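Worksheet: one structure, shown below.
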Amino acid sequence: MTKKKILITGGAGFIGSHVVRLFVNKYPDYEIYNLDKLTYAGNLKNITDIEHNKNYTFIKADLVDANQIHSLFEQYEFTDVIHLAAESHVDRSITNPLDFVMTNVVGTVNLLNAAKASWKNNLDNHLFYHVSTDEVYGSLHDGGFFLETTPYDPQSPYSASKAASDHFVRAYHNTYKIKVVLSNCSNNYGPNQFPEKLIPLFINNIRNNKPLPVYGKGENVRDWLFVIDHARAIDDVFHKGKVGETYNIGGFNEWKNLDLIKVICKAMDKKLGRPEGESEKLITYVTDRAGHDLRYAIDANKIMNELGWKPSLQFEEGIEKTIDWYLANQEWMDEVTSGNYQTYYDKMYTNR
Ligand code: NAD
Ligand code: TYD
């Protein structure tokens, strides 16, 4: 059997770094190639523990550069792809939708084209795994859950770009017979998430006694999954998923934003030795996000029943681990929040 040479895109980002670590450590016989542009969200410090492993190679490249991606397939002869690289923050997509079209749509099609050209003589021996989000299904208003069969109804420029990329992956399967598999996951939390997203942003602001900007009334609901459980699910889908299928991934763990924020505040008071209720005083209601999706909730029964995956951590344990990680990794936080981050923060939150 040919040796697996797996191209993982976006492996310097939040989820990608956990996926790369899992594959490098668990599969010493695979060669793992981590392709990343290193945007503001990509950080090689997320994966220093595995950077010297014999089965690991880092490639700095931009998915939007079609020629570069084609050359890399020629040079390394990747056997499979796990595609995570993306622009991933909804608020940024509202400010700069075209960046999302370029990386998420054009970048995905470039990757599909390069894989198609490289694999054309033996399509059956190769797999293209596309990692996506539950946000493609839109917003739930009247109860219920997102199923794999729920019609797409993306509501933000981010989710529209991810939905378009999902469609292209399925179209390449149907038209060119590339073997594909997809997964759509709920909100992730855990170590190494860039602090523009709710949980790390609020942990960092509490530590620095800064206001906690709650959008609208804080009534929006998200379904949270610990990032390492997502990485474990990606491992299962890659190895056991049925070609052409989609798997929804989630932990049946819905939280209203305000309730979640209060859990974080309480835990932070304890960890920082502050009087109970101190961090909650930082809560500040700000103008709502434009087009803010009300509720996401995943029905994860298919992956649980068919692939035997289930989350390993209860939310209470996961959030505790997450807070501990950010408090223990102050240097990581200080580094990613210096420089351009300040400009971003001022632009997004001043006079909001
Ligand atoms: P992230 O923003 O933390 O990381 C994205 C990575 O992609 C970064 O390392 C960045 O440098 C890289 N990248 C961006 N543009 C690139 C380009 N043009 N070429 C090459 N690399 C580029 O994102 P994340 O939260 O880790 O999300 C990873 C994937 O999982 C995305 O596809 C996202 O849609 C999906 N997803 C995320 C969540 C979540 O809660 N974060 C939930 C479900 C699905
Ligand atoms: P986020 O982490 O950006 O993920 P997503 O929008 O992809 O679900 O936001 C999670 C929820 O928290 C979402 O309902 C928006 C809200 N939110 C705030 O209230 N304040 C903030 O500063 C941020 C970043 C998010």
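Worth knowing before you read on, the calculation uses all heavy atoms, side chains too, and leaves out hydrogens, waters and symmetry mates. The model shown is predicted, which means the values in this text are computed figures rather than measured ones. Counting convention: from 1, in listed order, for ligands and their atoms alike.
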Side chains of Thr79 and His126: donor-acceptor distance under 3.5 Å anywhere?
-> no

What is the closest protein heavy atom to atom 4 (O) of ligand 1, and at what distance does it sit?
-> Gly13 CA, 3.5 Å

Can you find a non-hydrogen atom of Ala12 under 4.0 Å from ligand 1?
-> yes

Minimum-distance protein heavy atom relative to atom 38 (C) of ligand 1 = Ile15 CD1, 3.5 Å

What part of Lys162, side chain, backbone, both or neither, has a heavy atom within less than 4.0 angstrom of ligand 1?
-> side chain

Tyr158, any N or O under 3.5 Å of ligand 1 N or O = yes

Does Cys185 reach ligand 1 with a nitrogen or oxygen that is under 3.5 Å from one of the ligand's nitrogen or oxygen atoms?
-> no

Any luck finding a side-chain donor-acceptor pair between Asn113 and Tyr172 under 3.5 Å?
-> yes

Subset of ligand 1 atoms that lie under 4.0 Å from at least one heavy atom of Ala61 = 19 (N), 20 (C)

Examine Gln193 against ligand 1 and note whether any of their N/O atoms are separated by less than 3.5 Å.
-> no

Would Lys302 and Thr246 count as having a side-chain donor-acceptor pair, cut-off 3.5 Å?
-> no

Check the side chains of Asp346 and Tyr349 for a donor-acceptor pair under 3.5 angstrom, ignoring hydrogens and angles.
-> no

Indicate whether the side chain of His230 and that of Asn188 have a donor and an acceptor atom separated by less than 3.5 Å.
-> yes

Ligand 1 and His230, any nitrogen or oxygen pair closer than 3.5 angstrom?
-> no

What residue and heavy atom of the protein are closest to atom 5 (C) of ligand 1, and at what distance?
-> Ala86 O, 3.4 Å

Which of the ligand 1 atoms, numbered from 1, are nearer than 4.0 Å to a heavy atom of Val131 | 30 (O), 32 (O)

Taking atom 29 (C) of ligand 1 as the reference point, the nearest protein heavy atom with its distance = Leu84 O, 3.1 Å

Any Lys/Arg nitrogen of Asp29 or Lys4 sitting under 4.0 Å from an Asp/Glu carboxylate oxygen of the other?
-> no

Side chains of Asp269 and Ser279, donor plus acceptor under 3.5 Å | yes

Minimal heavy-atom distance between Ile206 and Met268, with the atoms involved, is CG2-CB, 3.7 Å

Could you verify whether a donor N or O on one side chain and an acceptor N or O on the other, from Tyr76 and Thr57, lie under 3.5 Å apart?
-> no

How close does the nearest protein non-hydrogen atom get to atom 1 (P) of ligand 1, and which residue and atom is it?
-> Ser88 OG, 3.5 Å

Check ligand 2 for close polar pairs with the protein: N or O on both sides, less than 3.5 Å.
| residue | atom | partner | partner atom | Å |
| --- | --- | --- | --- | --- |
| ligand 2 | 2 (O) | Leu198 | N | 2.9 |
| ligand 2 | 3 (O) | Arg289 | NH2 | 3.1 |
| ligand 2 | 4 (O) | Asn187 | ND2 | 3.4 |
| ligand 2 | 6 (O) | Arg289 | NH1 | 2.5 |
| ligand 2 | 6 (O) | Arg289 | NH2 | 3.3 |
| ligand 2 | 7 (O) | Glu135 | OE2 | 2.6 |
| ligand 2 | 8 (O) | Asn187 | ND2 | 2.9 |
| ligand 2 | 8 (O) | Arg222 | NE | 2.7 |
| ligand 2 | 12 (O) | Asn257 | ND2 | 3.4 |
| ligand 2 | 14 (O) | Arg222 | NH2 | 3.4 |
| ligand 2 | 14 (O) | Asn257 | ND2 | 2.9 |
| ligand 2 | 14 (O) | His292 | NE2 | 2.7 |
| ligand 2 | 19 (O) | Tyr215 | N | 2.9 |
| ligand 2 | 20 (N) | Pro213 | O | 2.7 |
| ligand 2 | 22 (O) | Pro213 | O | 3.4 |
| ligand 2 | 22 (O) | Tyr349 | OH | 2.7 |

If you measure only the distance, is there a donor-acceptor pair under 3.5 Å linking the side chains of Gln155 and Asp153?
-> yes

Listed by chain and number, what are the side-chain contact (heavy atoms from CB on, under 4.5 Å) partners of Glu254, not counting sequence neighbours?
-> Phe145, Val221, Asp223, Arg295, Ala297

Geometric cation-pi criterion, Arg21 with Tyr56: 6.0 Å, 45° | no

Among protein heavy atoms, which lies nearest atom 19 (N) of ligand 1, and at what distance?
-> Leu63 N, 3.0 Å

Modelled atom types, side-chain donor and acceptor of Tyr152 and Asp166, under 3.5 Å | yes

Provide the number and element of each atom of ligand 1 under 4.0 Å from a heavy atom of Thr39.
-> 10 (C), 11 (O), 14 (C), 15 (N)

Asn187 to ligand 1: N or O pair under 3.5 Å?
-> no

Are side-chain N/O atoms of Trp119 and Asn121 paired as donor and acceptor at under 3.5 Å?
-> no

Could you tell me whether Lys271 and Glu320 have a side-chain N and a carboxylate O separated by less than 4.0 Å?
-> yes

Taking the six-membered ring of Tyr345 as reference, does the NZ or CZ atom of Lys210 fall below 6.0 Å from its centre and within a 45° cone about the axis?
-> yes

Could an N or O of ligand 1 be found under 3.5 Å from any N or O of Leu35, whether backbone or side chain?
-> no

Would you mind listing which atoms of ligand 1 come within a distance below 4.0 Å of any non-hydrogen atom of Asp62?
-> 17 (C), 18 (N), 19 (N)

Scan side-chain atoms only and decide if Asp235 and Trp309 contain a donor-acceptor pair under the 3.5 Å cut-off.
-> no

Min N/O separation Asn43 to ligand 1 under 3.5 Å | no

Going by the order shown, which atoms of ligand 1 are within less than 4.0 Å of some heavy atom of Ser132?
-> 43 (C), 44 (C)

Distance to 0.1 Å, residue and atom name: give those for the protein heavy atom nearest to atom 40 (O) of ligand 1.
-> Asn188 N, 2.8 Å

Here the atoms of ligand 1 under 4.0 Å from any heavy atom belonging to Thr133 are 43 (C), 44 (C)

Among all protein heavy atoms, pick out the one at the shortest distance from atom 8 (C) of ligand 1; state its residue, atom name and that distance to 0.1 Å.
-> Asp36 OD2, 3.6 Å

Provide the number and element of each atom of ligand 1 under 4.0 Å from a heavy atom of Gly42.
-> 8 (C), 9 (O), 11 (O)

Ser186 neighbourhood, listing ligand 1 atoms whose heavy-atom distance to it stays under 4.0 Å | 42 (C), 43 (C)

No-hydrogen, no-angle side-chain donor-acceptor test under 3.5 Å, Glu135 and Tyr137 = no

